[in-house]
Amino acid sequence: FAGVKYTAMAAALTAITATAGSAEITLRAASLFDENHAYTKTLREFERLVGEAYGDEISFEMHLNGELGDESDFVTFLQQGVAIDYAVMAPSNMAVFAPSIPLMDMPFLFRDLDHWNAVLSSDVLKPLEDKLYEAADIKVIGYAGGGTRNLASAEPITNMDELGGHKMRVMGAPIQAKIFSAITAAPSAIAYNEVYNAIQTGVIAGFENEAASIQNLKFYEVAPNITLTKHAITVRPLVMSGKTFRKLPEDLQAIVLEAGLAAGAAGREIESSEDALKLQQMADAGQITVSEFAQRDKLLELSIPVQDAYAAELGATDLLTAIRAK
Ligand code: X1X
């Protein structure tokens with residue numbers, strides 16, 4: 001891990017920033033995954049669309065497989081305008097710069113895929129995007145995601161009794177820990193690139209994630225029990241550093257905004273359509289055992305007051321009501 005940090009730091013110091021007006025503009029991205037993951041495919045689609053529209057004067061660099069750290073590193077780079085220019089990010093990994101942004105990926109927000117689609121096809125999340133830009137200088141240019149998050153654990157967790165006190169990793173946003181505490185688990189925020197080791201060494205007993213990432217990073221080796229809590233359908237903004245965006249020529253800014261929307265939509269289609277298939281592939285390969293959760297309604301009941309309190313604290317009660325009404 002220290003090595004990763006060092007590499008990221010070195011990259012940050014030697015990065016070439018995008019320069020408007022010069023013959024060549026280089027845009028740099030980072031992914032936690034290899035080429036098979038929906039996020040990397042989203043980023044590649046963005047490259048393709050921008051390259052096609054803008055021509056030879058633009059080139060792209062992509063750092064794969066978490067080579068530049070995890071999303072908590074990416075968000076710092078984007079906020080500072082160093083090392084990378086764009087990435088697909090979990091809102092809950094951007095909380096440190098914008099406390100309201102994790103509202104869009106808090107557990108139990110979406111009823112189902114139709115609800116999630118309705119929200120992402122509207123502009124209801126715009127106030128949160130504006131806050132992110134204002135507070136972190138990070139611009140949302142599209143939305144990827146579409147994976148369903150479930151529990152993944154070393155031992156099976158299938159009911160409220162087994163969930164009680166379950167030591168699990170959650171993302172860094174306080175709302176994540178609050179909701180998992182409310183449903184009686186014992187959450188702790190741990191960096192994503194430390195999760196595999198933390199489960200292997202017994203520091204935690206599991207975490208929660210979507211099929212694409214469990215498969216891509218082989219988390220099934222340490223957490224082969226998947227419990228279908230279906231507590232989140234991922235919203236994953238495709239974001240660009242404001243510092244990069246403002247340096248781009250105007251015609252390229254317009255191309256970036258259009259390509260961001262289209263690449264995000266393509267990424268959502270890929271991940272949401274592959275989600276069940278990936279779970280099945282891992283089950284067929286004997287890598288995971290999938291169980292239902294006996295009292296999912298109870299989880300929902302325990303979560304709603306926590307969501308309400310968080311929204312009230314942010315002054316975002318109307319926004320939460322609007323999201324729920326979609
Ligand atoms: O839990 C995480 O930190 C990660 O889980 C998956 O790999 C993705 O959703 C990624 O965006 C990040 O949230």
Side-chain angles (χ1 to χ4, degrees), residues 1 4 29-43 63-78 84 86-96 98 101-107 109-110 116 120 132 138 140 142-153 168-177 179-180 185 187-199 204 206-223 226 229-239 264 267-268 270-272 274-275 278-279 282:
F1 186 61
V4 167
S31 173
L32 296 173
F33 309 101
D34 65 21
E35 296 285 356
N36 296 315
H37 193 281
Y39 293 8
T40 311
K41 290 180 183 173
T42 303
L43 297 169
H63 297 274
L64 296 174
N65 300 311
E67 181 189 306
L68 292 190
D70 65 16
E71 289 179 3
S72 47
D73 300 302
F74 300 171
V75 71
T76 305
F77 295 153
L78 292 166
I84 59 171
Y86 62 106
V88 172
M89 290 280 311
S92 281
N93 288 330
M94 298 195 271
V96 62
I101 194 84
L103 192 146
M104 62 166 86
D105 73 333
M106 62 186 177
L109 182 60
F110 300 111
W116 169 86
L120 291 185
L132 181 69
I138 293 175
V140 175
Y143 282 99
T148 296
R149 280 170 89 100
N150 292 302
L151 298 184
S153 49
M168 60 177 288
R169 176 268 179 180
V170 293
M171 289 188 282
I175 184 61
Q176 294 282 338
I179 290 189
F180 284 98
S188 48
I190 294 180
Y192 193 58
N193 51 15
E194 290 173 7
V195 170
Y196 186 107
N197 278 346
I199 300 174
I204 48 172
F207 75 130
E208 45 89 44
N209 233 231
E210 58 270 31
S213 304
I214 293 171
Q215 186 181 55
N216 202 274
L217 297 180
K218 299 188 169 63
F219 280 117
Y220 52 75
E221 292 173 351
V222 292
I226 307 296
T229 42
K230 299 179 188 167
H231 54 268
I233 304 176
T234 58
V235 170
R236 292 293 178 265
L238 172 55
V239 289
R268 295 205 301 277
I270 294 170
E271 189 164 358
S272 60
E274 288 180 351
D275 195 63
K278 286 187 178 296
L279 272 188
M282 290 186 280

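Reckoned from all heavy atoms, side chains included, excluding hydrogens, waters and symmetry mates. Order of appearance sets the numbers: ligands from 1, and atoms from 1 within every ligand.
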Chemist: Just so I know, are the side chains of Gln215 and Glu274 near enough to count as touching, which here means a heavy-atom distance under 4.5 Å?
Modeler: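 Not in contact.
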
Chemist: Could you tell me if any non-hydrogen atom of Arg169 lies under 4.0 Å from any atom of ligand 1?
Modeler: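 In this structure, Arg169 qualifies as a contact of ligand 1 - some heavy atom is under 4.0 Å.
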
Chemist: Given 3.5 Å as the limit, does a donor-acceptor pair link the side chain of Asp275 with the main chain of Gly147, or not?
Modeler: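 Here the side-chain-to-backbone pair does not exist.
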
Chemist: What's the spacing between Ile190 CD1 and Asn193 CG if we round to 0.5 Å?
Modeler: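 If I round to the nearest 0.5 Å, the distance is 11.0 Å.
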
Chemist: Is any side-chain heavy atom of Tyr220 closer than 4.5 Å to a side-chain heavy atom of Lys218?
Modeler: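 Yes. Closest side-chain heavy atoms under 4.5 Å.
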
Chemist: Could you check which of Phe219, Phe74, Tyr192 puts a non-hydrogen atom nearest to atom 4 (C) of ligand 1?
Modeler: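 Checking each option, the heavy atom nearest atom 4 (C) of ligand 1 is found in Tyr192.
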
Chemist: Could you tell me, atom by atom, which parts of ligand 1 come under 4.0 Å of a heavy atom of Glu71?
Modeler: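 Counting atoms of ligand 1 from 1, those under 4.0 Å from Glu71 are 10 (C), 11 (O), 12 (C), 13 (O).
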
Chemist: Give a yes or no on whether the backbone of Glu194 and the side-chain of Asn197 come within a donor-acceptor separation of less than 3.5 Å.
Modeler: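 Side chain of Asn197 to backbone of Glu194: no pair is present.
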
Chemist: Could you check whether any heavy atom of Glu208 sits closer than 4.0 Å to an atom of ligand 1, since that is the contact criterion I want to use?
Modeler: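 Glu208 does not count as a contact of ligand 1 under the 4.0 Å cut-off.
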
Chemist: Does Phe33 come within less than 4.0 angstrom of ligand 1, counting non-hydrogen atoms of the residue?
Modeler: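 Yes, Phe33 has heavy atoms under 4.0 Å from ligand 1.
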
Chemist: Quiz question: by atom type and distance under 3.5 Å, do the side chains of Glu210 and Thr234 form a donor-acceptor pair?
Modeler: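 No donor-acceptor contact under 3.5 Å links the two side chains.
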
Chemist: Under 4.0 Å from any heavy atom of Asn93, which atoms of ligand 1 are there?
Modeler: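 Matching atoms, with element in brackets: 3 (O), 12 (C), 13 (O).
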
Chemist: When only distance counts, is Thr234 in polar contact with ligand 1, meaning an N/O pair under 3.5 Å?
Modeler: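 Thr234 vs ligand 1: no N/O contact under 3.5 Å.
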
Chemist: Near Glu210, which atoms of ligand 1 are under 4.0 Å from a heavy atom of that residue?
Modeler: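 Atoms satisfying the 4.0 Å criterion: 6 (C), 8 (C), 9 (O).
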
Chemist: Quick one: does ligand 1 sit under 4.0 Å from the side chain of Asn209, the backbone, both or neither, non-hydrogen atoms only?
Modeler: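 It is the side chain that gets close, since no backbone atom is under 4.0 Å.
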
Chemist: Any side-chain heavy atom of Pro107 within less than 4.5 Å of one from Glu208?
Modeler: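 Of all side-chain heavy-atom pairs linking Glu208 with Pro107, none is under 4.5 Å.
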
Chemist: I need the atoms of ligand 1 closer than 4.0 Å to a non-hydrogen atom of Tyr39, numbered in the order shown.
Modeler: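 So the answer, numbered in order with elements, is 8 (C), 9 (O), 10 (C), 11 (O).
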
Chemist: Mark up the atoms of ligand 1 that fall under 4.0 Å of a heavy atom belonging to Met171, in ascending order.
Modeler: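 Within the 4.0 Å cut-off of Met171, ligand 1 contributes 1 (O), 2 (C), 3 (O), 13 (O).
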
Chemist: Does a side-chain heavy-atom distance below 4.5 Å link Val235 with Phe110?
Modeler: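 Yes, their side chains come closer than 4.5 Å.
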
